[in-house]
J.: 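I'd like to ask some things about the structure below.
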Amino acid sequence: MKLRHIFIIAFVSLLAACGEVESNTEECDEVAQQISVVEVDAEENDESKESDESVTWPLYVPSYVINLEIFPDERTVNGVANVSFMNTSNYALDRVFFNLPFNAFAEDFPYTAWLPGFESRIFQHGQNFGHFNVTLATTSLNPAEFDIHGTLLTIHLEEQLPPGVAVEVGLIFDAYIPHISHRTGGNEYAMWFGNFLPTLPVFSSGHWHIYPHHPIGNPIFTTISNFEVNITAPAEYTIVSTGTAIRGEGDIRPTTSIIADHVRDFAFAVLSSSYNSQRILLDAGLEIAVYYHKCCGNEAALNALLSIAIDAFDYFENRVGIYPYQSFNIVETELFIRDSIRYPGIVFVDSRLLHTPAVHDSIVRDIGYQWFYNVVGNNPVTETWLSHGLVAFLQLGFTMDEDEIVAHAQTLHQNLDRALIFMEFPELFRDLGHYTSWMDYRNIQHSRGKLLFYALWQEMGDEAFNLFVRTYYQRYAFGTATTEGLIAIAEEIHEESLTDFFDAWINSPALPPIN
């Protein structure tokens with residue numbers, strides 16, 4: 001039975017059963033609550049253990065079929081989701097977990113999901129909390145017990161799920177989106193939804209990778225999945241999203257149907273008639289579009305932005321490999337930072353940034369993240385630098401020649417070397433829970449990560465380094481890269497041990513020298 005047919009049956013049964021962040025403000029020095037990383041082991045007891053032998057299951061991609069009703073005037077969302085999950089461990093499971101990241105902005109959330117001093121930026125229209133309620137859960141069409149603690153939804157399985165077996169999980173939910181400026185938020189002109197939909201945490205090696213909602217960085221670790229999302233909204237609104245969208249017919253509340261295969265997350269925006277768009281279709285079939293508020297659009301500036309985006313896609317394809325999707329959307333929003341936030345195939349850009357020349361650097365960076373964050377994934381909580389550092393270094397080659405890159409790295413190294421004296425956790429291996437300011441996070445995971453890849457480029461030489469980047473991309477495309485895997489590929493290409501090199505850059509509190 002095809003998944004869409006399963007979804008229809010599940011839907012009826014459910015109804016019947018009921019950045020890179022630029023931050024130089026005073027808030028960067030405030031202290032955030034320290035929260036440790038959590039990993040949940042799949043093995044609950046000895047009786048659940050099926051085998052000590054390692055089993056390799058067929059390649060399996062989780063799939064989501066989601067129907068959403070958007071009511072912009074009320075700022076509410078009603079949704080039904082059907083999610084297919086396979087147990088790829090060697091142990092029977094009695095629970096399935098989901099991330100509910102938007103619950104971090106509920107009034108009863110147990111801790112503050114932002115740094116002290118950022119509240120006025122997030123609640124620019126006055127403090128107004130939201131919510132994400134799950135009203136019903138099913139497994140294999142049968143009602144299931146569930147509970148929600150903060151941003152974690154736990155589905156209790158009626159029967160243990162054996163290794164290699166898939167289960168269909170159904171969810172009915174509703175949400176209220178206040179006037180806030182964050183990954184998910186909205187104003188009187190638009191609503192945008194990043195890290196909004198319920199998603200499965202990464203499940204690998206018998207572990208659920210579940211983390212607190214850290215106030216710095218991206219605390220959501222996701223895997224490659226297939227999405228089929230149908231969004232119904234008033235006719236005067238435009239839906240912009242990850243994937244390929246087709247707007248249905250209807251004068252009052254048409255439905256936009258979206259297919260997004262092999263992506264690491266799904267984000268979308270609901271834009272009123274106050275928005276315009278400019279777009280360009282490239283010969284290779286890639287469409288690049290920018291959506292902006294009518295009041296402030298400068299046609300020449302937006303055309304220049306589209307031109308930069310075209311050049312950036314060409315640069316990264318030549319440097320890394322083919323971009324495997326057909327669309328890329330840039331959407332004007334209100335964020336708590338004067339920056340942009342990237343998702344697969346879509347970028348949310350703060351209004352204060354979009355209409356300035358500084359947006360060019362941000363868009364080039366976010367296009368680079370389409371290769372390293374989306375196609376090649378990594379754990380953004382424990383190994384942030386794998387994507388952030390590599391993209392930051394590769395981005396230099398877009399606007400700089402070799403001499404300029406060297407000069408830039410030398411200056412950055414001098415400045416960072418002085419800054420590390422004042423940092424409690426200067427090592428690269430630290431997870432997000434160790435950072436108490438956006439500035440420290442950026443200095444380590446972005447800047448120190450960038451210098452690591454600069455030093456690796458110097459160590460390997462240009463030709464070998466470029467081969468390393470392309471090989472790394474090919475090996476881990478649509479998978480999850482690790483520090484160990486990256487080092488193994490670098491040593492394979494370099495044909496020498498790089499153990500001491502990486503140990504110094506990742507683990508040493510001191511900043512290693514560069515050539």
J.: Determine whether Asn443 and Arg448 make a side-chain contact, defined as any pair of heavy atoms from C-beta on separated by less than 4.5 Å.
T.: no

J.: Sort out for me which residue in Phe221, Phe97, Tyr91 forms a ring-ring contact (aromatic ring centres under 6.0 Å, His included) with Trp208.
T.: Phe97

J.: With Ile258, which of Thr244, Ile66, Ile231 fulfils side chain to side chain contact (heavy atoms under 4.5 Å, CB included)?
T.: Ile231

J.: Testing the basics here: between Pro344 and Val263, what is the closest heavy-atom pair and its distance to 0.1 Å?
T.: CB-CB, 4.0 Å

J.: Could you tell me whether the side chain of Asn329 and the main chain of Ser241 form a donor-acceptor pair under 3.5 Å?
T.: yes

J.: For Phe465 and Phe468, take the angle between the two ring planes, folded into 0 to 90°, and tell me which bin it lands in: parallel under 30, tilted 30 to 60, perpendicular over 60.
T.: tilted

J.: Is there a donor-acceptor contact under 3.5 Å linking the side chains of Asp431 and Thr382?
T.: no

J.: If you count the non-hydrogen atoms of other residues, nucleotides and ligands that lie under 6.0 Å from CG in Asn318, is the total more than 12?
T.: yes

J.: Quick one: pull up CD1 in Ile239 and CG in Leu271 and give me the separation to the nearest 0.5 Å.
T.: 7.5 Å

J.: So among Tyr369, Phe372, Phe453, Tyr373, which one has a ring-ring contact (aromatic ring centres under 6.0 Å, His included) with His388?
T.: Tyr369

J.: Does some side-chain heavy atom of Tyr292 sit less than 4.5 Å from a side-chain heavy atom of Leu354?
T.: yes

J.: Rounded to the nearest 0.5 Å, how far apart are CG of Asp350 and OG of Ser340?
T.: 9.5 Å

J.: Please round to the nearest 0.5 Å and tell me the distance separating atom CZ of Arg247 and atom OG1 of Thr238.
T.: 6.0 Å

J.: On a heavy-atom basis, which atom in Leu200 and which in Ser84 lie closest, and how many Å separate them?
T.: CD1-O, 4.5 Å

J.: For Ile220 and Pro101, work out which heavy atoms get closest and say how close.
T.: CD1-CB, 3.9 Å

J.: Tell me whether Asn87 contacts the main-chain N or O of Leu161 through its side chain, where contact means a donor paired with an acceptor under 3.5 Å.
T.: yes

J.: Centres of the Phe102 and Phe132 rings: under 6.0 Å?
T.: no

J.: Minimum heavy-atom separation for Ala104 to Trp114, with atom names?
T.: O-CZ3, 4.4 Å

J.: With a 4.5 Å heavy-atom cut-off, do Phe98 and Val169 have their side chains touching?
T.: yes

J.: If you measure only the distance, is there a donor-acceptor pair under 3.5 Å linking the side chains of Tyr343 and Arg264?
T.: no

J.: Which pairs with one or both residues in residues 394-413 pass ring-ring contact (aromatic ring centres under 6.0 Å, His included), sequence neighbours excluded?
T.: Tyr315-Phe398

J.: Got a second to check how far Asn374's CG is from Asp265's CG, nearest 0.5 Å?
T.: 9.0 Å

J.: Can you confirm if the aromatic rings of Phe268 and Phe193 lie within a centre distance of less than 6.0 Å?
T.: yes

J.: Any Lys/Arg nitrogen of Arg365 or Asp339 sitting under 4.0 Å from an Asp/Glu carboxylate oxygen of the other?
T.: yes

J.: With a 4.5 Å heavy-atom cut-off, do His355 and Glu332 have their side chains touching?
T.: yes

J.: Please confirm whether Phe105 and His182 have ring centers closer than 6.0 angstrom.
T.: yes

J.: Between Asn99 and Thr151, does a side chain to side chain contact (heavy atoms under 4.5 Å, CB included) hold up when you go through it step by step?
T.: CA-CA 6 Å; Asn99 292 310; Thr151 58; 5.7 Å; no

J.: Is the closest side-chain heavy-atom distance between Ser89 and Phe203 below 4.5 Å?
T.: yes

J.: Look only at the side chain of Gln370 and the backbone of Gly345, and say whether a donor-acceptor pair between them is shorter than 3.5 Å.
T.: yes

J.: Pick one: which of Arg442, Arg430, Gln445 meets side-chain hydrogen bond (donor to acceptor under 3.5 Å, both in side chains) with Tyr435?
T.: Gln445

J.: Taking the six-membered ring where the residue is Trp, are the ring centres of Phe393 and Trp457 under 6.0 Å apart?
T.: yes

J.: Can you list the steps and then say if Phe227 with Phe266 is a ring pair (Phe, Tyr, Trp, His ring centres under 6.0 Å)?
T.: CA-CA 7 Å; Phe227 289 86; Phe266 186 94; 5.6 Å; yes

J.: Take a 6.0 Å sphere around CD of Glu402 and say whether it holds more than 12 heavy atoms from other residues, nucleotides or ligands.
T.: no

J.: Please assess Arg475 against Ile489 for the test side chain to side chain contact (heavy atoms under 4.5 Å, CB included), listing each intermediate value before the final yes or no.
T.: CA-CA 9 Å; Arg475 297 253 182 103; Ile489 293 175; 3.6 Å; yes

J.: Go through the steps to decide whether Phe316 and Leu394 satisfy the test side chain to side chain contact (heavy atoms under 4.5 Å, CB included), and finish with yes or no.
T.: CA-CA 8 Å; Phe316 281 105; Leu394 293 177; 4.0 Å; yes

J.: Looking at Trp371 and Gly321, what are the two nearest heavy atoms and their distance?
T.: NE1-O, 2.8 Å

J.: Check the surroundings of atom CG in Asp401: do more than 12 heavy atoms from other residues, nucleotides or ligands lie under 6.0 Å from it?
T.: yes

J.: Does a donor on one side chain and an acceptor on the other come within less than 3.5 Å for Glu383 and Thr483?
T.: yes

J.: For Ser387, give me all partners under side-chain hydrogen bond (donor to acceptor under 3.5 Å, both in side chains), at least two apart in sequence or on another chain.
T.: Asn378

J.: If we ignore hydrogens and angles and just use 3.5 Å, is the side chain of Tyr472 paired with the main-chain N or O of Ala481 as donor and acceptor?
T.: no

J.: How long is the straight-line distance from OG of Ser225 back to CG of Asp261, given to the nearest 0.5 Å?
T.: 10.5 Å

J.: Got Ile363 and Val349 here, is their nearest side-chain heavy-atom distance under 4.5 Å?
T.: yes

J.: Any chance you could measure Glu496, atom CD, to Glu491, atom CD, to the nearest 0.5 Å?
T.: 10.0 Å

J.: Is it the case that the side chain of Ser205 and the backbone of His207 share a donor-acceptor pair, with hydrogens and angles ignored and the cut-off at 3.5 Å?
T.: no

J.: Centres of the Trp505 and Phe502 rings: under 6.0 Å?
T.: no

J.: So, Arg319 versus Tyr473: side-chain donor-acceptor pair below 3.5 Å or not?
T.: no

J.: For Leu335 and Arg352, work out which heavy atoms get closest and say how close.
T.: O-NH2, 3.2 Å

J.: Taking the side chain as C-beta and beyond, is there a heavy-atom pair between Asn195 and Asn218 under 4.5 Å?
T.: yes

J.: Hey, does Gln278 have a side-chain heavy atom less than 4.5 Å from the side chain of Asn303?
T.: yes

J.: Is the centre of the Phe313 ring less than 6.0 Å from the centre of the Tyr323 ring?
T.: yes

J.: Judged by modelled atom types alone, do His293 and Ser351 share a side-chain donor-acceptor pair under 3.5 Å?
T.: no

J.: Report the C-alpha distance between Phe328 and Ile330 in whole Å, list the side-chain angles of each, state the deciding distance to 0.1 Å, and finish with yes or no for side chain to side chain contact (heavy atoms under 4.5 Å, CB included).
T.: CA-CA 7 Å; Phe328 182 75; Ile330 303 166; 3.8 Å; yes

